[in-house]
Number of protein chains: 2
Amino acid sequence: MSTPAPEGYDPHAYAPFAVTVDLAVFTVREARLHVLLVERGQEPFRGRWALPGGFLLPRESAEDAARRELAEETGLGQDTVGALHLEQLRTYTAPDRDPRMRVVSVAYAALLPDLPEPRGGGDAASARWWDTGAAGPLAFDHDRILADAHDRIGAKLEYSCLATAFCPAEFTLGELQQVYETVWGVELDRPNFRRKVLNAPGFVQAVEGPPRRTGGRGKPAALYRAGDATALHPPLLRPPGPDAPHSAPEGRER
Amino acid sequence: MSTPAPEGYDPHAYAPFAVTVDLAVFTVREARLHVLLVERGQEPFRGRWALPGGFLLPRESAEDAARRELAEETGLGQDTVGALHLEQLRTYTAPDRDPRMRVVSVAYAALLPDLPEPRGGGDAASARWWDTGAAGPLAFDHDRILADAHDRIGAKLEYSCLATAFCPAEFTLGELQQVYETVWGVELDRPNFRRKVLNAPGFVQAVEGPPRRTGGRGKPAALYRAGDATALHPPLLRPPGPDAPHSAPEGRER
DNA sequence: AGCCTTTATAGTCAGAGTGACTATTAAGAA
DNA sequence: TTCTTAATAGTCACTCTGACTATAAAGGCT
């Protein structure tokens, strides 16, 4: 057998690796999917944009590290970040993914409602939201991670209640529909969307009181709040396109 | 910011970790889901059973390592292992998951048709198939990994063509149904299952020639081969149970 | 042989869910 | 007022599903 230390993990027999987390933090802005990126201030990939992330501390789990980095990059409070849904995407381990050293990275995805521009905190030269369509070639293998994250989020919208994470505490069904349309890149029929959402037990719950108008024009919409369900029954399937990105649910993973 | 080396990955500023892969290799035997386990020959957890796995080599990706370990533990040929579907489950990073040192582990799941007992190759004291229901407390956090793997496999059967990976090259619809029933732990209606499978384009393709009988009793069944599709349209949803394990596909995976 | 058991396969039927529409209501804008 | 916009209500045909019934083809038994 070729494994260095398969049974007794001899601390001197294994190769040491650096372990990082990378974060794909999404929001919906003006009907476009945006992702939080930071500009690299050093080589390699100096001046290129990258997913925020960083090294695990010696006594820290990957999810803790992801929350810590997220708080640093967005300026969100610990309480907000602590309650947030963080989805572990997958781990990237190609030996040459960092030109300088061996780094394996655990990727996470997070969803936020539309926020003010990030407080370019942390170490990055600058941080801002990018339209996912306009985000140029990123540093390292982050284009791939970003694409995987987008796929996974799109798939999870089908059978989970995750979409409400993109919305503020109270939202209209039109806003929720906007999330689906933006992430999937399709247009949905409004009455049908409404019917499905209201038929899914625990997806949303109506807010008492008078309706609020969204943008100003049109009939005021009723307000809803996220329900207590986490899974969607029946699922809200995206229309079968000719490309059908429903292939390798790895990205999905459910 | 608290990250040691967030921008310039100074090789001396980050904490080194050991990186391993752990494999949940499943098969269906006598209508029960089985998993391949190895007996530990050393402390800690000496004498306990564990998922097969091992350290990443310095220039090896996690998936390559998983295939290498799989070949070592099962005695399967490189060609077989090379073509196998390996599903990356998730990565386990709790700081105390190994009592001796900091180890992060990338978990994979693999599905095999029923095979002869593994050639206890490799380093493990012994290796054998265990009924997933009877697999006692495992070493490390492997009970958790195994449960996550089972959840994920069950979920993937719904919307992917993965179930054929549990079957030999040619199989009957009864055998395929047995896979679903075993992994999900439910009984399915035979005519309905048949209708769904045959209606899903590319799931299975009929084999020419005379039918084969399965066990001996009953009408001979037609033989099928895995189709070329990877996703299942429409999906083959499991019946909604009172427990409904369709909740947080994260832990599940998916 | 004849009958029973077992398994595969064919077909039926009512109900749920869906996509594609049409109609109505209630706001701001021209 | 009238037009435009968006929310909400409702219709209808089609598909898929679960629950069944029926038939076919093998081996085992008496």
Side-chain angles (χ1 to χ4, degrees), chain A residues 30-31 157-159 167 170-182 184 186-201 203-204 206-207 209-224 231-242 244 246, chain B residues 30-31 157-159 167 170-181 184 186-201 203-207 209-224 231-242 244 246:
Chain A
E30 295 160 16
L157 291 194
E158 292 190 324
Y159 50 86
C167 297
E170 297 191 342
F171 52 88
T172 69
L173 294 189
E175 290 165 348
L176 188 63
Q177 182 174 347
Q178 186 66 252
V179 168
Y180 277 89
E181 292 182 330
T182 300
W184 286 349
V186 298
E187 287 206 344
L188 301 176
D189 179 83
R190 202 178 278 271
N192 289 343
F193 179 81
R194 176 186 186 76
R195 180 182 51 192
K196 291 193 204 181
V197 168
L198 295 180
N199 277 348
F203 189 10
V204 298
V207 169
R212 177 189 75 179
R213 53 174 229 268
T214 329
R217 282 187 293 260
K219 177 176 176 177
L223 286 177
Y224 295 85
L232 217 47
H233 284 292
L236 223 158
L237 301 175
R238 64 188 123 182
H246 211 312
Chain B
E30 295 160 17
L157 290 194
E158 292 190 325
Y159 52 84
C167 298
E170 299 192 340
F171 52 87
T172 69
L173 294 188
E175 290 165 348
L176 188 63
Q177 182 175 347
Q178 185 64 252
V179 168
Y180 276 89
E181 292 181 332
W184 287 348
V186 298
E187 286 205 346
L188 302 175
D189 180 83
R190 203 178 278 269
N192 289 342
F193 179 82
R194 176 188 186 76
R195 180 182 52 192
K196 292 193 202 181
V197 168
L198 295 181
N199 277 349
F203 189 11
V204 298
Q205 56 184 93
V207 169
R212 177 190 75 180
R213 51 176 231 271
T214 327
R217 281 188 295 260
K219 178 177 174 177
L223 286 177
Y224 295 84
L232 219 46
H233 285 292
L236 222 158
L237 301 173
R238 63 188 122 181
H246 213 309

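Reminder, nothing fancy here: chain letters follow the sequence lines and each chain counts from 1.
Residues F193(A) and L173(A) come closest through the heavy atom pair CE2-O, 3.7 Å.
For F171(A) and dA6(D), the CZ to P distance is 20 Å, given to the nearest whole Å. With rounding to whole Å, Q177(A) atom CD is found 14 Å from dG19(C) atom C1'. Counting to the nearest Å, the C1' atom of dA6(D) and the CG atom of D189(A) are 13 Å from each other. Nucleotide dT9(C) holds its C1' atom 13 Å from the CG atom of N192(B), rounded to whole Å. Atom CD in E187(A) sits about 14 Å away from atom C1' in dA20(C), given to the nearest Å. Spacing between atom CG of L198(B) and atom P of dG11(C) amounts to 13 Å, rounded to whole angstrom units. In this structure, CZ of R190(A) is placed 17 Å from C1' of dG19(C), rounded to the nearest angstrom. One interatomic measurement links the two molecules: CZ of R217(A) to P of dT2(D), which rounds to 22 Å at whole-angstrom precision.
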Might you work through the side chain to side chain contact (heavy atoms under 4.5 Å, CB included) test for L176(B) and F203(B), ending with a clear yes or no?
-> CA-CA 11 Å; L176(B) 188 63; F203(B) 189 11; 4.0 Å; yes
Going through the distances and angles, do L157(A) and W184(A) end up as a side chain to side chain contact (heavy atoms under 4.5 Å, CB included)?
-> CA-CA 9 Å; L157(A) 291 194; W184(A) 286 349; 3.9 Å; yes
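Each of Y224(A) and L236(B) was matched to the nucleotide of DNA chain D holding its nearest heavy atom; the match closer to the 5' end belongs to Y224(A).
Residue K196(A) places at least one side-chain N or O under 4.0 Å from the OP1 or OP2 atom of dG19(C). Close to dA10(C), at under 4.0 Å from its OP1 or OP2, lies a side-chain N or O of R194(B).
Heavy atoms of P191(B) sit under 4.0 angstrom from at least one base atom.
Judged by distance alone with a 3.5 Å cut-off, no donor-acceptor contact links the side chain of R195(B) to the base of dG11(C).
Checking side-chain atoms of Q177(B) against main-chain N and O of R194(B) turns up no donor-acceptor pair under 3.5 Å.
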